Every structure is written in structure tokens, then in C-alpha cells.
Amino acid sequence: MKKVVLAYSGGLDTSCAVKWLKDQGFEVVCFVADLGQGLGKGEDLDLIEERALVAGASKVYIKDLQEEFIQDFILPALKANAIYEGKYLLATALGRPLIAKYLVQIAHKEKASAVAHGCTGKGNDQVRFEVTAAILDPKLEIVAPVREWEFKSREEEIEYAKMNNIPIDVTKKKVYSIDRNLWGVSIEAGILEDLEQEPPEDAYIMTKGPTHVSTYPRYIEIYFEKGVPKKIDGKVYKLGALIGELNEIGGNHGVGRSDIVENRLVGIKSREIYEAPAGTILYTAHKELESLVLDRELAHFKEIASLKYSELVYYGLWYSPLKEALDAFVDSTQKNVTGSVRLKLSKGSCVAVGRKSSHSLYKKELSTYGKEDKFNQKLAEGFIKIWGMPYKKQ
Ligand code: ARG
């Protein structure tokens with residue numbers, strides 16, 4: 001019998017996919033990746049395992065990949081200041097290659113000939129899963145049940161689940177499509193498809209809305225060492241705990257929301273809202289510190305690299321030569337990115353209000369308009385003459 005390893009979430013789509021794959025003649029092994037989406041511990045995990053087995057899986061793997069996600073995916077993206085179309089910190093996009101990596105690994109261990117996922121044929125995630133799997137093992141067959149099956153609506157799918165005794169949670173009415181991990185939440189569909197509507201408060205998960213946030217601003221200081229965040233207000237944290245803490249603090253101040261009509265890789269424009277409290281705080285602080293310690297040319301070039309980096313992540317090209325080369329470039333830019341940034345969080349906004357570094361390139365005696373001024377203004381005249389010379393001749 002052919003064997004397939006399915007990326008399993010416990011939701012309706014992947015639960016129906018188990019049964020559907022069995023009907024196609026596969027033995028189905030389920031893989032649940034914990035990227036900090038709030039699977040909980042103990043009982044919750046038992047429940048998800050049981051659900052997969054009842055749906056027809058022969059075996060279930062559940063792996064906590066949070067540490068690897070933080071060190072090998074989130075951190076490089078943070079150092080690169082990767083942000084897609086100016087608003088999306090790529091939480092979902094960063095998680096996919098990691099899940100795909102383990103799908104392939106488990107397929108090898110299980111001697112399976114195929115891997116499967118529950119993505120639709122309209123999104124980016126199918127591309128990320130499949131391109132990654134193809135890069136890591138081109139021989140594996142890829143099956144995408146949701147692209148192939150005949151259900152026309154969610155109702156039909158629920159009917160199929162009921163008929164086949166597939167355990168699902170239909171008590172909760174599904175209003176949005178949500179993908180979550182410890183770097184953020186992506187929320188789409190439902191009322192959000194109406195571009196003229198402001199997202200309703202109930203769409204948000206990690207952040208408080210304007211009527212619930214604290215009325216007082218919160219000042220917070222983040223310390224980085226070679227581009228890696230290490231401390232909050234002088235207290236040392238492991239990166240995972242630091243992100244957790246900042247999600248909490250940022251969420252309480254409504255920080256990290258964005259609302260975007262984005263360009264999907266498959267050519268469709270779609271409206272999505274995102275929440276990334278910790279990501280927004282760290283991104284803001286990191287960029288601020290870089291502006292202090294990177295010289296102009298490096299800083300400007302790094303912006304170009306950031307743009308490309310975010311595209312590669314979004315396009316599913318995590319394991320590509322250019323992304324690898326960009327990581328090497330980014331790492332070389334981080335050697336002086338050590339220092340602290342003080343931020344003010346207030347009613348959804350997050351702005352840097354102070355910064356310091358022993359590698360600072362700021363020279364007060366050059367920029368000051370006060371009496372400590374050491375800049376020889378007479379030199380400017382010659383500089384401008386030469387700088388403007390080619391244009392004057394024209
Ligand atoms: N648009 C985002 C991306 O392509 C998120 C996709 C998943 N979103 C969701 N709500 N399920 O990375």
C-alpha cells in the first residue's frame with residue numbers, strides 16, 4: 001500500500017483529507033507541527049492525536065518545532081528586516097518551509113512515497129510546501145486533496161465529515177480563515193473580503209483594540225547583541241521567552257496590527273489582516289539600532305536586500321541559493337548591531353524614542369548646531385562644487 005505523510009492541523013480540511021487520501025488508496029501518517037499556534041499541552045495534544053486516528057490515520061507524529069522555528073527562521077528574517085509589501089512580517093510564510101522539511105524527513109523515516117497538505121489551489125502556502133518538498137526530495141509525490149476534491153462549499157465538506165464519522169468542531173461557527181504561530185496571526189475571509197469595511201474587533205486575536213488598551217504609554221528598552229535581541233529592560237531572556245513577553249506587552253497596547261491588500265504569488269490580490277506584536281516591536285527596534293551603527297551605503301543596500309529577502313520568503317524560496325547568499329550578507333551586516341533601543345508603545349503605535357550603542361557612528365560634534373561644533377563648514381563649498389559639477393556642465 002502507498003503511504004503518504006499529511007501535514008495535519010486538526011481542522012476540518014485536513015481531517016477530511018485523511019479520509020479522502022485513504023479512499024485514494026493511501027495509508028495516511030499525520031504530522032502535527034507545533035510552531036506555537038497555541039496547541040496547548042497534554043490533553044489538547046491527546047485530542048488532536050485522537051482526532052487524526054479516528055479520521056483514519058495509521059500513525060500520528062506531533063513535534064514541538066518552536067525552538068528551531070525561532071533560531072533558524074524567525075531570527076534570520078528579523079536580522080534581514082524581512083517585511084512583505086511593507087506590512088506583513090511573514091509569520092505564516094516562515095513556518096511553511098519548516099513544516100515541509102519535517103514532512104520530508106518523516107516521509108523518509110516512514111518509507112512513504114508521498115507527502116500531502118491541506119492548502120487550497122489559490123494561495124501561497126501550497127507553493128511553499130511543494131517547492132520546499134521538491135527541493136529537499138524531488139522524488140516525493142505531492143498530493144493536495146483540497147485542490148482535487150469535489151466539495152463546492154464548507155457545508156458540503158461538513159456533510160462529508162459527518163457521514164464518515166470524522167470528528168470535527170462545528171459548534172464554533174467559522175468566520176475567518178486563521179493561521180497562527182508564535183511570530184503572529186494571519187486572518188482572512190468572511191467580512192474582510194469587503195475591502196471597504198474596517199476589520200471588526202472580533203477578528204483580532206493577539207492584540208487589544210482601542211477601547212481596551214491601556215491609556216498610559218509603556219516605555220520599553222530592547223538590547224541587541226550582533227542583531228540578536230537579548231534583553232528587555234535590562235533583563236536577559238531566551239529568545240522564545242522574549243518573543244512571548246513582547247507578544248504579551250505589545251498585545252496589551254494594541255501594537256502590531258496591519259491591514260493589507262497583498263499580491264499573492266499566484267497573481268491574485270487578497271485582503272488580509274495580520275497581528276505580530278513581538279515582531280513589530282523587534283523589527284522597529286532592530287531597524288532603529290541599524291540606523292545608528294550601519295554606514296549610509298551599507299544601510300541603503302541592506303534595504304534592497306531586505307526587499308528581496310521578503311519576496312523570497314513569501315514566494316516559498318527559503319531553501320534557495322539566493323536566500324542562502326543573502327543570509328551570509330545579512331550576517332556580515334550584524335557584527336556591530338549591538339546596543340539598546342527605547343520604544344514607546346501607546347494605543348497601537350510603536351515608535352523608537354531613544355537609542356545607544358558603543359558602535360554608534362553618530363558624532364554629536366559633527367551634527368550639532370551648538371557651540372561644540374567641530375565641522376569645518378568651509379569644506380562644504382568645495383564638496384558641493386565637485387558633487388554638482390557633472391550636472392552643471394549639462
Ligand atoms: N497571506 C499570507 C501568506 O500568504 C497568509 C496565508 C494564510 N492565511 C490564513 N488566514 N490562513 O503568507
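Each ligand, and each atom within it, is numbered from 1 in the order the structure gives. Bear in mind the structure is a predicted one, so any value in this text is a computation, not a measurement.
Residue contacts with ligand 1, taken as heavy atom pairs separated by less than 4.0 Å, involve Tyr88 solely via side-chain atoms from C-beta onward. The proximity of Asp125 to ligand 1, defined as any non-hydrogen pair under 4.0 Å, is limited to the side chain. Residue contacts with ligand 1 for Arg264 are absent, since no atom lies close enough (heavy atoms, distance under 4.0 Å).
Nearest protein neighbour of atom 8 (N) of ligand 1, counting heavy atoms only, is Glu272 OE2, 2.8 Å. Ranking protein heavy atoms by distance to atom 1 (N) of ligand 1, first place goes to Glu262 OE2, 2.6 Å.
The shortest separation from a heavy atom of Arg96 to ligand 1 is not under 4.0 Å, leaving the residue out of contact. At least one heavy atom of Ser177 sits under 4.0 Å from some atom of ligand 1. Proximity of Tyr274 to ligand 1 is established by a heavy-atom distance of less than 4.0 Å. Note on ligand 1: Arg128 sits in its first shell, one or more heavy atoms being nearer than 4.0 Å.
In this structure, Lys344 forms no cation-pi arrangement with Tyr219, as its terminal cationic atom is not both closer than 6.0 Å to the ring centre and no more than 45° off the ring axis.
Below 3.5 Å of separation, one finds no N or O of Thr92 facing any N or O of ligand 1.
Here the straight-line distance linking atom SG of Cys350 with atom CZ of Arg218 works out to 12.0 Å at 0.5 Å rounding.
Between the side chains of Thr338 and Tyr223, not a single donor N or O lies within less than 3.5 Å of an accepting N or O.
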- Query: What's the verdict on ring pair (Phe, Tyr, Trp, His ring centres under 6.0 Å) for Tyr274 and Tyr88, showing C-alpha distance, side-chain angles and the deciding distance?
  - Reply: CA-CA 7 Å; Tyr274 296 106; Tyr88 171 34; 3.9 Å; yes

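Residue pairs satisfying the ring pair (Phe, Tyr, Trp, His ring centres under 6.0 Å) criterion with at least one member in residues 291-318, sequence neighbours excluded, are listed as follows: Phe73-Trp318, Tyr84-Tyr314, Phe301-Phe329.
With salt bridges taken as basic N to acidic carboxylate O contacts below 4.0 Å, one links Asp179 and Arg96.
Taking every heavy atom of Asn124 and a limit of under 4.0 angstrom, the matching atoms of ligand 1 come to 3 (C), 4 (O).
In this structure the side chain of Pro199 never reaches within 4.5 angstrom of the side chain of Glu272, judged on heavy atoms.
A ring-centre distance under 6.0 Å is found for Phe151 and Tyr160.
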